[in-house]
Each structure stands twice: as structure tokens, then as C-alpha cells.
Student: 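I have a structure I would like to understand better, so I am pasting it below and will then ask my questions one at a time.
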2 protein chains.
Amino acid sequence: MKTNNGAPHVASLEPEYRGNENPFGAGGISDSGVDCAQCSLRELCFPPNLADEEMRNIDVLGGKRRKLVRGQSLFRAGYPFESLYVVKTGFFKTEVLTEDGRTQVTSFPMAGEILGMDGISTEAHSCDVIALEDSEVCLFPFHEIEALSAQMSALRRHLYKILSREIVRNQGLIVMLGTMCAEERVVAFLLNLSERFAARGYSPVEFHLRMSREEISSYLGLTIETVSRAFSHLREAKLIDVDKRHIHLFDIPGLQALLAKPAAAKNIFQ
Amino acid sequence: MKTNNGAPHVASLEPEYRGNENPFGAGGISDSGVDCAQCSLRELCFPPNLADEEMRNIDVLGGKRRKLVRGQSLFRAGYPFESLYVVKTGFFKTEVLTEDGRTQVTSFPMAGEILGMDGISTEAHSCDVIALEDSEVCLFPFHEIEALSAQMSALRRHLYKILSREIVRNQGLIVMLGTMCAEERVVAFLLNLSERFAARGYSPVEFHLRMSREEISSYLGLTIETVSRAFSHLREAKLIDVDKRHIHLFDIPGLQALLAKPAAAKNIFQ
DNA sequence: CGCAGTTTTGATTCATCTCAATTTGTGTGG
DNA sequence: CCACACAAATTGAGATGAATCAAAACTGCG
């Protein structure tokens, strides 16, 4: 985890690939002899310590990729579930839609994160996934993963863990929405992005937001104006600098401290 | 799904079992030759259409049960993950605890629902599970399930689906917390309980709350007072009757209608 | 350069929280 | 069985944080 403090190095997950406007279907899928064993995201996609032979199985599995242009959807709610996806480059949002017409952004997946797990349950997706910038995903047809997981216990356990990790991640979001005030939510959001950039070798203190205020506010269960005011207030407090979508965190411990004094002080006596 | 409308039949999930005050450890686990094939919860626990032979495998797996008295914890955050559990009788709450000392109830599991899936990811639990009344769970040591799932594709797929279903369930909670106002949350909570009682053959219109107002308000991200006022308001509107923990839903379509007109009307133009 | 969309900022309203008091329910011991 | 204390739930009044409404500033794009 290098930090790149100071230097004007902005975290950049700019897409390596361009073009491909095909909005749907199998279009946009390439099969370009991908080598998962060499992939820098390997430890995010797969269980550690695989034997060479096992890794070859996975190469067969993960031979396909799909490119998406900004704004394009990877899948939408109701689409039949076919694959899991790993973000190779770029940035996405997932948006949940309910029967009664409500909509909420529930995550902002980035490189190495897995998409599509919602679909396993009913064999249809329950959310939209949309690229926030030109992006690329690796495609893993689920029936193939599933079959391979019969023989490869490491893969099977990894799948169980990935699904469970998503459950725990969502629990964190639930607690945020249920217990934090507006400014705390914004801080939690920034610190979460910071950590995830850091884990990928980018600066945890300076980065570019790929999502609009609207998308942030949806994710945080707030209005655009409240998010904007929270940013301004944090800037006045010299904790961050915000210039449009460019974020600079001046004082991460200070930001963390804002989260550490919750109204849940009552719990001390439990 | 029988409805039992009208009749003064109150949903009763009273425990069949009593006693056993052992607060922890292996205490309270019985091995009483359970027969999963005959269990009325079978279709909730296991994949459908298992061959007899496969069902015998599962019987071996699920031979253990654990009884809990009201207030006792099945596990707590930080405990090493060992088993998945299925609620046999009774009622629970799951409570998530964050590093910064926040707490929130995230579900109220009842008969047939599965507990412990949060632990797979890190091999330690991330929440507390506490019995709201004297209860009993069936115990499935995860390493045994996991091993059996190598041979039994139906079980393996069922596990993937169960984990995915929990992800989707949490998404619903996220949208509720992110988009609904206080009264809507309370209505959503009541309708959710109603459906789950109905699915178990109990009355969907008349039931007893096992949880306190405090626990409800934590789950809904509100204060006790706001929940209480919402109950009173719904009673004044003749949609429900509330008497302490006894709930009677007079007008389910009317309640559903309260959820159908969200602030997300703006989305019409997207 | 101008126009549409996005973001910020300000003024006001409103929903929910907070604080406080009352009611109701529950358990205990005389 | 009743009196009492204690906990849970309701209700009211007032404070406040976030939403809403409105306008200005900024950005990007043709």
C-alpha cells in the first residue's frame, strides 16, 4: 500500500481501452487469450495459492472480456443472470430498483470488484450496473464457474467467501444509512474511497470522483444540496479540499475522528 | 399460503422447548436423531427434489440442535465462524456492530431462516445474534456442508443461492433506509412481517411482535418515539390496530398503497 | 460565445429528533 | 392481593438537521 503523499499524482483509473459502442447483447465481448495468471488483479479475483494446473482451468474460464463506454449498462434489473463479472478497468455504479419505483445507488465498484452476485438467487438480476467511465470487465459464465467449483475446493470456498463478503459490505452500508448524520455519511464515503484507492496503489489522499453529486447523494440517502453543503463545510474545516470532482483529503485522522463519536454513546451501559 | 383472515387466530411461534440455561459453548447442543427429510422447514433449508440418498447425507449433517432461552446469544461479533444455523423455532435479532461503536439491528430471523452467513467471509462473525424468545436452531458445521457441497451439486447451488438471496434482501433494506420516510419504513416493516408469517401458515393480518420498540426503531433507523407515533397515526387512519405488541392489519392494500407513491416520482423522466 | 446541465449557496419549511412528562405494563416483596 | 419500583411505550412541546424551493455560479460542449 504505497501512499503517494504530497506528489500531485492523482489516482487515475483511466480506461486502457476505447470505443465499442454496441449497447447490448453479446456485442462488445472479446476473446483475446487472456492470461489470468498474469493479471494484476489476480489476488482479488481468485483464491490464493492455486496450483498451476488449477490456474489453467481458470484461464479457460475467464477468457472473455467486455468493454463498456461511459453510461452503458453491463446488465439491468430483470435481465437473466448468466455471468459474474470482475471489473478490469474503469468505474461503475450499481442501482437497485424496487417494485414501488424507488431507486438507489448501492455501490461504486472499481477494479477487482465483482459484479452480478445479486443474480444467482433468482437467476435474474435485481439491479442495474452502469459504467461511470469507459470500462472493461472480465466475464465468468456462472454455470462454468459453478461446474469448476465442484472439483476445485479452493474456488468453491472462494466463491462462498466472496458472497459472504458482499453480505458484510452491505451490512456496513445499512449501519451507515441507519445511524449516521449527513456529514458523517459523506466522510464515511470519502474514507471508503480513499481506502479502496490505496489498496490499488493509488493515492489515498488525492483522487478524482467518477460519480456525480446526484449519484453520491443517492448512495448516501441524502439530497444533492446536503452533500454539497457537507463538502463545503469539510473544506471550511480544512479537512479536505474539493474542487468539482477532484478531492484532496488533508487530514485523514481528523476525518476518522468525526466518525468515532456517534450518538450511540448510550450503548456504553449495555 | 393460507391466510386465516378474520378468525381470532393469532400467529404463534411459541417455542416447543424450554429450559437449558447454559449460556455458551457446546452447552445446549443436543443430538437427538433429527430427521431433516421429515422437517416441515425442509423446503426452506434445502434444495428441492433431493434424491433419498442425498437427503440421508443431509440428515447426517444436520443432526445437531441448540436451544436458546430468551436473551441468549447464538454467537457474537468476533466469534470464530463454525456453523450455519437454521431457525427451527422462535425468533431472533441480528445486530451489527461497527468499529466506531455504532449498533444496528439488521434483521429479525424466524423459522426456516438462515443465520451465520456473515461469518464465511473472514471466518469470524460480524454481528451478534440474539434470541428474542426461547428458540431452537439446527446446526450445520460449515466445513461439513462445504465438503458435502463438493459432491452434491444441488446443495452447492443452493448455498450459492442462499447467500445471493441474503445480498438481495440487504439491498431491500438499504433502499428502505435510503429512500423511505418514517411512516413508510414502519409500514414496510409490518408488511414484511405479515408476508413472512403468511409464508409459514400464520395469519398475515394478526400477529404478535417479538421485538421491543427499541429494536424496531434500531432496525428502521428511527427513534422509539417516531416509531410509536407512526403506529398511532396508522391506527388513527384505521389501517391497523396496535395494542402493545399485538398487531392487527385491517387494510393491507391500503398499507401497500402508502408505499407506492414515493418521492422518486422524478424518475419518471429518466 | 451562448446554452444546458451541474454544482453551490441561500432562505424557508418540514420531518424527525430531543427532552420531558404521563401512562401502561411487569415483576417483587410485604 | 396490593403497594411499589422499574421498564416499556405513548404523547406532547420545542429544537434542529435535512429537504425543499429558488437563484446564482460554474462547467463543458457545440
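Every chain is numbered from 1 and lettered A, B, ... according to where its sequence line falls, protein lines coming before strand lines. These numbers come from the heavy atoms of this one structure, side chains and all, not from hydrogens, waters or symmetry mates.
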Student: Can you check the His233(B) NE2 to dG12(D) P distance for me, whole Å?
Tutor: 13 Å
Student: Set out, in order, the CA-CA distance, both residues' side-chain angles and the distance that settles salt bridge (charged side-chain N to carboxylate O under 4.0 Å, His left out) for Glu113(B) and Arg169(B), then state yes or no.
Tutor: CA-CA 12 Å; Glu113(B) 293 176 341; Arg169(B) 194 192 72 76; over 6 Å; no
Student: I want to confirm an ordering. Mapping Glu225(A) and Arg213(B) to their closest nucleotides on DNA chain D, which one lands closer to the 5' end?
Tutor: Arg213(B)
Student: Is the closest side-chain donor-acceptor distance between Ser126(B) and Asp118(B) under 3.5 Å?
Tutor: yes
Student: Looking only at the side chain of Lys244(A) (C-beta and beyond, no hydrogens), which of the listed nucleotides dT6(C), dA18(D), dC19(C) gets closest?
Tutor: dT6(C)
Student: Rounding to a whole Å, what distance do you find between Leu209(A):CG and dT27(D):C1'?
Tutor: 16 Å
Student: Specify the separation, in whole Å, of atom CD1 of Ile216(A) and atom C1' of dT7(C).
Tutor: 11 Å
Student: Donor-acceptor pair, Ser218(B) side chain versus Val105(B) backbone, under 3.5 Å?
Tutor: yes
Student: Under 4.0 Å: is that the gap between some side-chain N or O of Thr226(A) and OP1 or OP2 of dA19(D)?
Tutor: yes
Student: Do the side chain of Arg229(A) and the base of dT20(D) come within less than 3.5 angstrom through a donor-acceptor pair of N or O atoms?
Tutor: yes
Student: Let me know the distance between CZ of Arg245(B) and P of dG25(C), rounded to the nearest Å.
Tutor: 13 Å
Student: Is it the case that over 12 heavy atoms from other parts of the model lie below 6.0 angstrom from the CZ atom of Arg70(A)?
Tutor: no
Student: Could you tell me whether the phosphate oxygens of dT10(D), OP1 or OP2, come under 4.0 Å of any side-chain nitrogen or oxygen in Ser228(B)?
Tutor: yes
Student: Round to a whole Å and report the spacing from NE2 of His208(B) to P of dA9(D).
Tutor: 10 Å
Student: Rounded to the nearest angstrom, tell me the gap between atom CE in Met180(A) and atom C1' in dC17(C).
Tutor: 18 Å
Student: Using whole Å, what does the distance between atom P of nucleotide dA15(C) and atom CD of Glu184(B) come to?
Tutor: 12 Å
Student: What contact category does Leu222(B) fall into here, base, sugar-phosphate, or nothing, at under 4.0 angstrom with non-hydrogen atoms?
Tutor: sugar-phosphate
Student: Indicate, with a heavy-atom threshold strictly under 4.0 Å, whether Arg185(B) touches base, sugar-phosphate, or nothing.
Tutor: nothing
Student: Which of parallel (below 30°), tilted (30 to 60°) and perpendicular (above 60°) describes Tyr202(A) and Phe197(A)?
Tutor: perpendicular
Student: Could you give the CD-to-P distance, from Glu214(A) to dA19(D), as a whole number of Å?
Tutor: 13 Å
Student: Tell me which of Arg235(B) and Thr223(A) sits closer to the 5' end of DNA chain D, going by the nucleotide each one is nearest to.
Tutor: Arg235(B)
